[in-house]
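Working notes for the structure below.
Every number for a ligand or one of its atoms is a count from 1 in the order of the listing.
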Amino acid sequence: MTENAFSQERLYDLYASMGISTKVYRYGERVLSSLRERFESIDRVAEYNQMKVIGAMQDCRVSEACLLGTTGYGYNDLGRDTLERVYASLFHAQAGLVRPQITCGTHALALALMSNLRPGDELLSPVGKPYDTLEEVIGIRPSRGSLKEYGITYRQVDLLADGGFDYEGIRAAVSERTRLVTIQRSKGYQTRPTLSVERIGELISFLKGIRPDILCMVDNCYGEFTQITEPTDVGADLCVGSLIKNPGGGLAPIGGYIVGKQECVENAACRLTSPGLGREVGATLHALPSFYQGLFLAPTVTAAAMKGAIFAANLYEGLGFPVVPGGAEERFDIIQAVEFGTPQGLIAFCEGIQAAAPVDSFVTPEPWDMPGYDSQVIMAAGAFVSGASIELSADGPLKPPYAAYFQGGLTWPHAKFGILKSLQRCLERGVISDIPAGLL
Ligand SMILES: *Cc1c(COP(=O)(O)O)cnc(C)c1O
């Protein structure tokens, strides 16, 4: 017996001892055998982005001293200021704001919007409804402190039925009051396609062709490092995301980033801290090592998450569930939607993901009323960083089509285990009656 065959058997025994049946394991291996080439191309993207990150860190002369944080006001925080230059360099942007004081992705987006819009301005989304939590930021759903309360209006142009941009509709929606356009790269909790950087570039060119002074902001959440370019490479004036998603590499315990035009980023800094203080204050405490090391790991962590998403898509598509994106489709974010059509399916899937976790594997996720969302949401996350969705996690709103949104996985083996476990749970709960013999 070769060493490799021996370890395969041992591996299978270990899976079995952790609750994965022969059938689920064999079906998983069958699906995997068809994905080798795609995994290779993901590894190439990761390699490219890894070099980009190292290059940016070297160009900005990251030193050991950068890993020390500051306290109090945080004046002259070398590590913070250097990290912001690293982000700017990586994104080919003029400036960056990368802070532990930015509490989450929604906060980063709200900050970018509220600091770059003024009363009387109009905000436009040319890609349909924005992410759920932004509805309250904008005031689509009435909310204390929304843009609407400050006299900033909002218009939206939906995508066409085929997922394309409604160029005529967009042209008609742009007025002299349109100050900022928000473009969400990832589909979020929707079943529309995620936008590639190339498509975002086309949209930005079109908008700038109508009015060159319109600011184009991209909600980059979940998209970082999935391609070799970022929205700032195709004309975005602002690009915004969360550090407990892709760019934090699973290590950042908090934080968000805004990169883009100097003026836009300065506006955000003055809103985050205070007019007059701007980016000069903001202690980093003990966060810097995880920000740097997380960014360093982010390309390969994102690759692991991408592999997990593709594996899940093919596994569930093979069993007849609608999946977005489709198993064979190219992808530009780490989110995979699987439509179960029933609450039982969504819940069983999330239970499986939870049961595969390194932390809190023994708890049972339940649907709850989450702030910022308009229906109950179920979330599975056995994460080292609470709520970090770059870690293996699944969630979904309890409303039709009962889609589970699956994302993350700091390592590919963990993502694989979680997906197998979810399938196992679906079988145990009768959501799936059996895996047809033809698939094994
Ligand atoms: C996660 C996400 C947000 C909000 O980020 P939070 O950190 O959850 O506040 C916004 N937009 C998109 C597309 C997201 O995926």
Side-chain angles (χ1 to χ4, degrees), residues 98-114 123 125-138 140-141 143 145-147 156 159 181-197 199-200 217-226 230-231 236 238-250 252-258 272 291 294 298 302 305-306 309 324-325 331-337 368 370-374 377-381 383 385-397 403-408:
V98 187
R99 304 277 168 138
Q101 286 84 10
I102 301 177
T103 57
C104 61
T106 305
H107 185 194
L109 288 158
L111 194 58
L113 291 171
M114 293 181 163
L123 168 67
S125 170
V127 296
K129 185 182 106 50
Y131 194 74
D132 281 37
T133 57
L134 283 188
E135 293 189 350
E136 284 180 287
V137 172
I138 296 167
I140 300 171
R141 275 184 286 141
S143 183
S146 68
L147 291 170
Q156 175 177 317
L159 293 173
V181 172
T182 180
I183 302 168
Q184 186 178 310
R185 181 171 175 182
S186 163
K187 63 184 159 307
Y189 280 160
Q190 292 172 73
T191 45
R192 64 133 162 119
T194 284
L195 304 177
S196 65
V197 167
R199 288 194 66 206
I200 290 172
M217 180 187 93
V218 174
D219 173 353
N220 207 26
C221 283
Y222 288 130
E224 299 92 351
F225 301 125
T226 60
E230 297 292 343
L238 279 162
C239 184
V240 182
S242 162
L243 296 195
I244 63 168
K245 293 179 179 172
N246 309 15
I254 191 170
Y257 76 89
I258 298 174
L272 175 65
F291 283 9
T302 302
M306 292 273 277
V324 183
R331 58 190 64 218
F332 314 108
D333 68 11
I334 64 166
I335 303 184
Q336 181 60 48
W368 62 299
M370 249 189 90
Y373 296 86
D374 68 355
V377 177
I378 182 164
M379 297 204 156
V385 172
S386 181
S389 47
I390 186 60
E391 296 192 49
L392 188 69
S393 50
D395 42 63
Y405 293 83
F406 163 88
Q407 68 268 311

Fill in: E391 side chain vs A381 backbone, donor-acceptor pair below 3.5 Å
no
Discussion item. Working note: Q407 + S393, criterion side-chain hydrogen bond (donor to acceptor under 3.5 Å, both in side chains); need CA distance, chi angles, decisive distance, verdict.
Written reply: CA-CA 6 Å; Q407 68 268 311; S393 50; 3.0 Å; yes
Worksheet item: Which one of I335, V240, L109, D219 has a non-hydrogen atom at the shortest distance from atom 13 (C) of ligand 1?
Response: D219
Worksheet item: Counting each atom of ligand 1 from 1 as listed, which ones have a heavy atom of Y222 under 4.0 Å away?
Response: 15 (O)
Worksheet item: With R185, which of T194, D219, N220, D333 fulfils side chain to side chain donor-acceptor pair (under 3.5 Å)?
Response: N220
Worksheet entry | Ligand-side contact atoms (ligand 1) for residue partner K245, heavy atom cut-off under 4.0 Å | 1 (C), 2 (C), 3 (C), 4 (C), 5 (O), 14 (C), 15 (O)
Worksheet item: Counting only N and O atoms by type, is there a donor-acceptor contact under 3.5 Å from the side chain of Q336 to the main-chain atoms of V324?
Response: yes
Item to complete: Could you tell me which atoms of ligand 1, counted from 1 in the order shown, lie closer than 4.0 angstrom to a heavy atom of Q184?
Response: 13 (C)
Item to complete: Specify the protein heavy atom at minimum distance from atom 7 (O) of ligand 1: its residue, its atom name, and the distance to 0.1 Å.
Response: G105 N, 2.7 Å
Worksheet item: Would you say N246's side chain and Y222's backbone share a donor-acceptor pair under 3.5 angstrom?
Response: yes
Worksheet item: Taking both backbone and side-chain atoms of T106, is any N or O found less than 3.5 Å from an N or O belonging to ligand 1?
Response: yes
Discussion item. Taking S186's backbone N and O only, do any of them form a donor-acceptor pair with R192's side chain (distance below 3.5 Å, no angle check)?
Written reply: yes
Worksheet item: Which of the atoms of ligand 1 are close to C104, meaning less than 4.0 Å from one of its heavy atoms?
Response: 7 (O), 9 (O)
